[in-house]
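Working notes, beginning with the structure itself.
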Amino acid sequence: MTFEIIMIVSLCLLTLSILANIYRVVKGPSSADRIQALDAIGINLIASIAVFSVLLHTHAFFDLILLIGILSFVGTVAFARFTERGMVNKQKDEG
């Protein structure tokens, strides 16, 4: 019983953290702050899905956790390339 209460409280705190990060995405002073907040939202989503999976005693959400982690990583790398080069995919000149 106490374990379930701790899991529910942690889900509530993760939800508050996601809401705070959504505020930073909307009001962020720079694009780097917005991308960092989006990355934090991805991490918080992974954590909340993992807690939810433990709460339900199931392994069904592990694929979703992996997918969100991969998409978050790819988005962060794409933004890093964009800030470094000014474009995400640089094509070679032909001819």
Side-chain angles (χ1 to χ4, degrees):
M1 185 67 177
T2 339
F3 182 72
E4 291 176 358
I5 293 172
I6 292 172
M7 289 290 135
I8 291 172
V9 168
S10 66
L11 278 176
C12 292
L13 291 175
L14 283 167
T15 303
L16 289 175
S17 177
I18 289 172
L19 290 174
N21 283 318
I22 288 174
Y23 174 77
R24 180 52 52 198
V25 168
V26 173
K27 293 291 262 188
S30 69
S31 61
D33 292 330
R34 289 185 171 112
I35 294 300
Q36 187 176 8
L38 282 173
D39 198 30
I41 287 172
I43 292 169
N44 288 330
L45 276 174
I46 290 171
S48 60
I49 291 170
V51 169
F52 193 66
S53 177
V54 168
L55 191 62
L56 293 180
H57 303 289
T58 183
H59 299 283
F61 299 112
F62 288 164
D63 293 335
L64 183 63
I65 290 171
L66 183 63
L67 178 68
I68 291 173
I70 290 170
L71 289 176
S72 177
F73 174 74
V74 168
T76 304
V77 169
F79 178 72
R81 282 192 174 188
F82 177 73
T83 56
E84 180 182 289
R85 298 182 191 170
M87 62 183 67
V88 175
N89 190 6
K90 189 172 185 177
Q91 297 176 355
K92 296 180 181 178
D93 292 333
E94 295 180 16

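Just the heavy atoms: all of them, side chains too, but no hydrogens, waters or symmetry mates, feed the values below. Values in this document were obtained by computation on a predicted structure and should not be read as measured data.
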Side-chain donor-acceptor pairs of residues 60-70 under 3.5 Å, sequence neighbours excluded:
none

Are F3 and V51 linked, directly or through intermediate hydrophobic residues, by side-chain heavy-atom contacts shorter than 4.5 Å (ILVMFWY only)? yes

Sorted by chain and number, sequence neighbours left out, side chain to side chain donor-acceptor pair (under 3.5 Å) with N21 holds for none

Taking side-chain contact (heavy atoms from CB on, under 4.5 Å) as the test, write out the residues that go with S31, two or more places apart. F79

Is the backbone of L11 close enough, under 3.5 Å, to the side chain of S48 for a donor and an acceptor to pair up by distance? no

Side-chain donor-acceptor contacts of residues 39-46 below 3.5 Å, not counting sequence neighbours, with atom names and distances?
residue : atom : partner : partner atom : Å
D39     : OD1  : S72     : OG           : 2.7
D39     : OD1  : T76     : OG1          : 3.4
N44     : ND2  : S17     : OG           : 2.8
N44     : ND2  : A40     : O            : 3.2

List in chain and number order the residues that pass side chain to side chain donor-acceptor pair (under 3.5 Å) with S10, two or more places apart in sequence or in another chain; answer none if no residue qualifies. none

Under the side-chain contact (heavy atoms from CB on, under 4.5 Å) test, residues paired with V77 that sit two or more places apart: F73

Beyond-backbone contact of I5 with I8, side-chain heavy atoms, under 4.5 angstrom: no

Could you check whether any side-chain heavy atom of R24 comes within less than 4.5 Å of a side-chain heavy atom of P29, counting everything from C-beta outward? yes

Which distance, rounded to the nearest 0.5 Å, do you find between the CZ of F82 and the CD1 of I35? 9.5 Å

On a heavy-atom basis, the closest approach of L55 and M7 is CD1-CB, 3.6 Å

Between atom CD1 of I18 and atom CG of L13, what is the distance when rounded to the nearest 0.5 Å? 11.5 Å

